[in-house]
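Proteins get letters first, then strands, A, B, ... in listed order; numbering begins at 1 in each. The structure displayed is predicted, hence computed values, not measured ones.
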Amino acid sequence: MDEAKTDGFKPNIVAIVCNWCTYIAADTAGVARMKYSPYVRIVRVMCSGRVDPQMVLWAFRHGADGVLICGCHPGDCHYKEGNYKAYRRYILLKRMVKQMGIDERRLRLEWISAGEAPRVKEVFNSFAEEIRSLGPLKLPVEAGSHE
Amino acid sequence: MVDEPRIGVYVCHCGRNIAGVVNVAEVAEYASKLPGVVVARDYMFMCSQGGQQLIQDDIRKYRLNRIVVASCSPNLHEKTFRRAAKGAGLNPYNVHMANIREQVAWVTEDPEEATEKAKALVRGAVERVKHHEPLEEKKVPVKDKVLIVGAGIAGISAALVCANAGKTVYLVEKEPSIGGMMARFDKTFPTLDCASCILTPKMNEVASHPNIKLLTYSEVVDVEGYVGNFKVKIRKKPRYIKEDLCIGCGDCVEACVFKNPRFYPKPDEWSLGLKRRKPIYIPFPQAVPRVAVIDPEACVYLKYGKCAQTCVKACSRNAIDFTQKEEIIDVEVGAIILATGYKTLDLRKLPQYGYGKYPNVYSAPEVEVLLNASGPTGGEVVLRDGRKPESIAIIHCVGSRDEKYKKYCSRICCMAALKLAHLLHERTGAEIYEFYIDMRAFGKGYEEFYRRVAGEGVHLIRGKVSEITDAALTPEEEGKLIVRVEDTLAGAIRRIPVDMVVLMPALEPAVGSRELAKLFGVSVDENSWFMERHPKLAPVASLTDGVFLAGCAQGPKDIPDSVMQAEGAAGQALALIDKGYVELEPNIAYVDEEKCSGCRICVGLCPFGAIEFDEERGKARIVEALCKGCGTCAASCPSAAIQQNLFKDQQVMAEIKGVLAAMRGG
Amino acid sequence: MSIVGFLSEKQRDRRFTEQLLSSPEGSKILECIQCGTCSSTCPLSHYMDLTPRRLIYLAREGFKDLVLRSRTPWICASCFNCVVLCPAGIDISGVMHALRRLALAEGTYPRDEVIPALSKSFYDEVFRHGKVNEAKVALAAKGLRGTLSMMGLGLKLWRKGRMSLSAEKTRSPSEIREMLREVAGS
Amino acid sequence: MSEGKPKIALYWCASCGGCEEAVVDLAEDLLKIAEKVDIVFWPVAIDAKKEDLEKLRDGEILVSFINGAIRLSEHEEMVKLLRRKSKLIVAYGSCSYMGGILSLANLYPREEILRYVAMEAPTVENPGETMFKEKTMINGVELELPRFLEKARPLDEIVEVDYYIPGCPPTPQVTLKAIETLLSGNLPPRGSVIGASDKSLCNECPLNSTKPEKLLVKKYKRLTHAEIDPEKCLLAQGIPCLGPVTRGGCNALCIKAGMPCTGCFGPLDGVVDYGGKAVSYLASILDVPPEKDAVLKALEGLPDPVGYLYKYSLAKSLLFRKRAER
Amino acid sequence: MKYAYYPGCTMKTSYPHVEKSILALAKHLGVNLQEIEDWNCCGAAEVVNISMEASLILPARVLSLASRISDKVLVPCTECLYNLKRTLITLEERPSLREKIVGALEKKGLKWKPVKIYHPIDMVIKDIGVEKIKEMGKERLKGLRVVPYYGCLLTRPWGDDHPLYPTSMDEIFEALGAEIVDYPLKTKCCGAALTASGDERGLSLTYHLLREAKRRKADVIVVPCTLCQFNLEVFQNRIKERWGEDVSIPVLYFTQLLGLALGLGEEELGVDKLLVPFKMPERRGGK
């Protein structure tokens, strides 16, 4: 690991989460006073199906070093199958950003049910740690532009 | 942006809850400098009357048109602040909350990091709210009927309250009789009331109530719609008995071709397999409806197509009908109460207690049936080999309070165990040993009951049993079940040989409750119990509007608590119905016709069929009443023509940009 | 050991509890619900002066001396029954190991138990040779009297080729020694 | 102005020449236009030099149509000059508008591209490993080549652009419509796309009406591997047609030729990132179980998402474009 | 199938008869065992009493050496098995300890690479398969009442089988025709080092184990652990002296009984070196 790269690095992470599962789990994690990485910022949507890949690219563009999408477990979607759509988009989007030179680990999708407060902590921490170890994101537009 | 934003930002201390970690003054100071922000303040309790007044005064004084409240989760107080804004003449949807309590103060160790994160969330909210615009709530009339799923004591209690208030109730029960778990009990704690004396009248009242449509042997198979307007499909399984003709005389059961109890084809469900039953049966003597059922998996005629049909001949009312088919019943209701109850942990998952291996190890529900006067032994306590036990061990917390099984306390076992101790001692005179970790006798009259049972000479041993074994060390132990325990009060190890062991298994959600949760769109907690909206402030509401929770479906509860919650849920359902209408959160999607290209991508994506395609005009249209506001269509519209109120592209992206800008020290 | 009477607050040592909490094995002792499953399942608890449950209780209350002078950690055979059954997920056998380390370091272990001496001579043997002849170590630990009592059995085994007293060694014991010194500082 | 006829200029940057061809394809209409305007600069067709351009007053040209991406220092220099001399600058064609196909090269560093072209391409034999040089001395004279820039850029990343005409190349119809708009005097807001539709291609696609009620796809197929029915919506047949996310106005020429839309007209207003939006609808309409392998299998027909979904617009994507806001 | 083979210290000094059976069985099953070159002691139960770090570096060195041979290491001693697994898990879960230990290894030119740890039972179940064993065994154990005694460390705290009610040996020997005795003490402790050092408290455990096996009319006890084999076998006389009860019963290590069941000879399996002799059941119709 490149020491200089990660030393003192505070990753910028956006978690776009479903209102019905992860958002509630995060509330519960709060009530249970579970401590986790402060670098993950939650942005709420009603369903992971609302997550437009443009939002993910937008987040990267505006300084996110990692983007997390959280939804209900397969089969548990409050809107029947929004999470399936999120998942299919995620798979294609991951392939695309990888091609664009972004480490695919910077984009992660996790299923966290309303009851899984401990998993909020676990997932947020592990993602923050992963992003920390990857270092700051250099966008293609920045990379190697010496003009 | 619709108009020039004039934003007010309100940072809540929440007492020490937020201010103890987050530097709220610094956050407010930061917010005050953000473009568009006219005023930013911090205040002790934003949700208090004073806090709301502060916002209202500012709206008037500074002509604010957007409000950001940085406090707790919107799940708690979004409505409060929207109402406050409305009171000052501002459209309530121009308010947005930043959750700096649950998502910041309570989960962040370092105060500086917490303050930074709070700033980021506030910045996100400020950027977002600039793109908010006034929205109208939609008022929808409510159907004045109630669906109650599960007819144990909770479902029955809720049904009676609703029915007595004049509402039509559909009470759905998957078993052939209502009554649930309680119908198996002989006595209830702490009063030692005869369970059937208090339950049976209620069951009969349900059966005869003009407002209750009782659907036993039935299951909900589909739920559509939303609060106030649910469309529900119920499948009624065939009993092969005409319910309206059968008078429950039992002649058919008597006449069935199976004669020898040893060869009855199925273990009896109600008595938990302590006896066997015929293919045609009445679930138990007090069953409601008192109507026979034919089990198609066991009935010789239904299985093989050939039988003497002695039952048919015996029925004087010609009630047997082998041609019966399952029925689908459609109902429309305004409110739903889920009262699907619990089951007990499968004791085979704890091989250390020898359940299923040693015949004299019983589960508590089995002992309840054994004690029941209507049970297989007529209430006499005899072991499987016919002996009367002379010593009995009752073990608490089997699978409860245990990381490896259920972390939670199952709440009812201490009292149930004391009750069993009393009853077993009373019926057998046996020496009773009770092994507990902590004696939890918290309810009204419970402590008194505990002392009473203790006074009866039950050996109360504080220590968790690790194992039941038949490996005897001494002649006295031969042929017995040996309980090895640390008597933690004596600080010594004891080996106690007994004839009978009763395990108090942990409670867990009823079979199929996860599927049910999906069907009704309610959330479950980490242990799969239905999740209440808030443990204190909204304990009977689920997270889905219009669906309420009652009894053990929400978590382990004893009878008084189940009934209490059931009547509470009934009250909530009635309040909803009697209001006559509901206001729907306007977060539905809409099509900007100017932009719609008519590509039809959206039409197939809506899980609720809420998108119609107008062939003539070549435009998609969203049927507001069907849209539930997930936003899938908005995410997928290639023309950006579909947007979702409160979650428009601009709004979400502005929020993302905002939280990130603050994180980068912006 | 009788502990009836006053347990004085002076006997408590907070640092001891913290020491245990910070060891890899003792991190969860505060979550103990005192159910006694450990003692119940322990095959040797009836020989102990303090049952495992009591030991953990006293340890988290900080009664260092009572805990470190107890025989219990030295009677524990590390069978891990308690670990797999503990409803609070405490690594009880591990706590015993941690307590043994502390007791050895403080010199407060009971002198008439064999295991402390065995551990020390075992470690010396590993340190010197990299490998160990257990029979040799055991005899060394038991002293002359103990050795004599085992003579008959030893002879029988020796005849079957099942006992040897030769010193086993790794190729370069100094490599092991240096590694041990580096990580354990001994 | 002496003759009263508005002056216009046409210029090409990094371009395949197709856009020039498209102008010529206007045929008689070109002559009609030529009557109304005075073409002062058009390297392909008329003999005017840079010096001639320099001689014009600033703003003397009414409108300059510039096609091609900016890839060489020369392009930069010329478009800045044209910007100065022109009232309006129109980015003509996808390269100028969005970076175009050749901005796909932005996936690779400049040095790698040069190395490949000079030494590694299969058709190159260069045993001495001679590399391009910007400056070379020959017989005491220093020859200079324009510098190959780090990235291919759309025009508006170098100079302010007033209007965009999309297409690879813009069809005569689009070009005419755009010119009409410009000459009408009733100018749309600055920064608009002109000449094309404000709806997606589906809106004008003859196959749109053949879409099934629910448009769901089991698997994407590559055009080369698929047997297609030219009478039915290609997307519904599993051909990843980009029509839904692409601005119309081309009259569905490709579709009529049995080819899916590949997106040369770029996104509609309101779409922030073309590729992102394309990912969204293409993946959303997949009708496969939400399991990684199943989804990947269904996507086998899309082996190169970037190349396919940003075929004309990589330089304008959120991750590659210079300015984040649009 | 190639394994790194880690015999452990006691195998060489105290259990050459057991090691013989392991090597013979491996050969018979076509398994290639390559003894780890220059292995060291795992630290047994004792080193952890002195230093946590020391108790990790010893197994870590062994695992590191093993990884040069194969990604699987065969460990017949359950104490060694436990220490190796404990090291794998601790280094995985505790980065600070991992750093320290891996650093020390690297200084000696050793690379840290986790390997899978197999007991001979795991090898039989996972790599050979009970079906194949059944085929090879031809029910040679028919008529034999076997107590499969698992002891502690094979399944606790980590193992593939149930930690308290394992069945792997039950399945194997049942497949070989043996009658498996229902033995509730199958994972009860034998007293380990306490018994081995002659302590009467430990001995009482061994006594109960043997007594229960006799009570249930077993012909033989089969164990997966060398120390169990030692404790259960060599103290039978002392138990008789102390408690006045005859508890004599043969105690075989897993590979010994399995070897016999697969038709190998007593001598090549070291069965002739047992203090309590064991004879295979006479087969009906004899062959």
message: Can you tell me which of B/Ala114, B/Cys633, B/Cys72, B/Gly521 forms the most heavy-atom pairs within a distance under 4.5 Å of chain A?
response: B/Gly521
- prompt: Is a salt bridge present between B/Glu78 and A/Arg44, judged by a nitrogen-to-oxygen distance below 4.0 Å?
  reply: yes
message: Nearest 0.5 Å, please: how far is NZ in B/Lys657 from CE in A/Met55?
response: 15.5 Å
- prompt: Where do A/Trp58 and B/Met653 come nearest, in terms of heavy atoms and distance?
  reply: NE1-O, 2.8 Å
query: Can you tell which of B/Ser523, B/Pro607, B/Cys630 has the highest number of heavy-atom pairs within less than 4.5 Å of chain A?
result: B/Cys630
query: Non-hydrogen atoms of chain A under 4.5 Å away: do they reach the side chain of B/Asp649, the backbone, both or neither?
result: both
message: For a 4.5 angstrom cut-off between non-hydrogen side-chain atoms, does A/Arg41 reach B/Leu660?
response: no
Any A/Ile16 side-chain heavy atom under 4.5 Å of B/Ile656 side chain: yes
- request: Would you indicate whether B/Lys233, at its atom NZ, is surrounded by more than 12 heavy atoms from other residues, nucleotides or ligands within a distance under 6.0 Å?
  value: no
- prompt: When you check the gap from the basic side-chain N to the acidic O, do A/Lys10 and B/Glu116 get nearer than 4.0 Å?
  reply: no
- request: Taking all non-hydrogen atoms of both residues into account, name the closest pair between B/Thr108 and A/Pro38 and its distance.
  value: CG2-CB, 3.7 Å
task: Against chain B, label A/Tyr39 side chain, backbone, both or neither, depending on which of its atoms sit under 4.5 Å from a heavy atom there.
output: both
field: Closest heavy-atom pair and its distance - A/Tyr23, B/Asn75
entry: CD2-ND2, 3.9 Å
message: Between B/Arg101 and A/Asp27 (salt bridge meaning N to carboxylate O under 4.0 Å), is one present in this structure?
response: no
message: Is B/Leu121 in contact with chain A via its backbone, its side chain, both, or neither, using a 4.5 Å heavy-atom distance?
response: side chain
- line: Ranked by heavy-atom pairs below 4.5 Å to chain A, first place among B/Asn587, B/Val522, B/Asn99 goes to B/Asn99
query: B/Phe608 versus chain A, heavy atoms under 4.5 Å apart: side chain, backbone, both or neither?
result: side chain
field: chain B neighbours within residues 77-107 of chain A, where any heavy atom lies under 4.5 Å away
entry: A/His78, A/Tyr79, A/Lys80, A/Glu81, A/Gly82, A/Lys85, A/Arg89
- request: Taking atom CD of B/Glu109 as the centre, report whether more than 12 heavy atoms of other residues, nucleotides or ligands fall under 6.0 Å from it.
  value: no
- line: If you tally heavy-atom pairs under 4.5 Å between each of A/Ile24, A/Ile13, A/Val51 and chain B, the highest tally belongs to A/Ile24
statement: Okay, A/Ser48 and chain B: the region with an atom under 4.5 Å from a heavy atom over there is neither
message: Surrounding NZ of B/Lys231 (heavy atoms of other residues, nucleotides or ligands, distance under 6.0 Å), is the total greater than 12?
response: no
message: Heavy-atom cut-off 4.5 Å, strictly under: side chain, backbone, both or neither for A/Met34 against chain B?
response: backbone
query: What closest approach, in Å, do B/Met531 and A/Gly115 show between heavy atoms, and which atom pair accounts for it?
result: SD-N, 4.4 Å
statement: Under 4.5 Å to a heavy atom of chain A? For B/Lys117 that would be both
query: Among A/Met46, A/Lys35, A/Gln54, who wins on heavy-atom pairs under 4.5 Å with chain B?
result: A/Lys35
message: Out of A/Pro53, A/Gly75, A/Ser113, return the one with the most heavy atom pairs under 4.5 angstrom to chain B.
response: A/Gly75
field: Structural part of B/Leu605 lying under 4.5 Å from a heavy atom of chain A
entry: both
field: Minimum heavy-atom distance B/Ala635-A/Gly49, with the two atoms named
entry: CB-O, 3.4 Å
task: Taking all non-hydrogen atoms of both residues into account, name the closest pair between A/Ile42 and B/Glu655 and its distance.
output: O-OE2, 4.1 Å
- request: Go through the atoms of A/Val40 and report whether side chain, backbone, both or neither lie under 4.5 Å from a heavy atom of chain B.
  value: backbone
field: Heavy-atom pairs under 4.5 Å with chain A, option from B/Pro74, B/Pro535, B/Ala105 with the top count
entry: B/Pro74
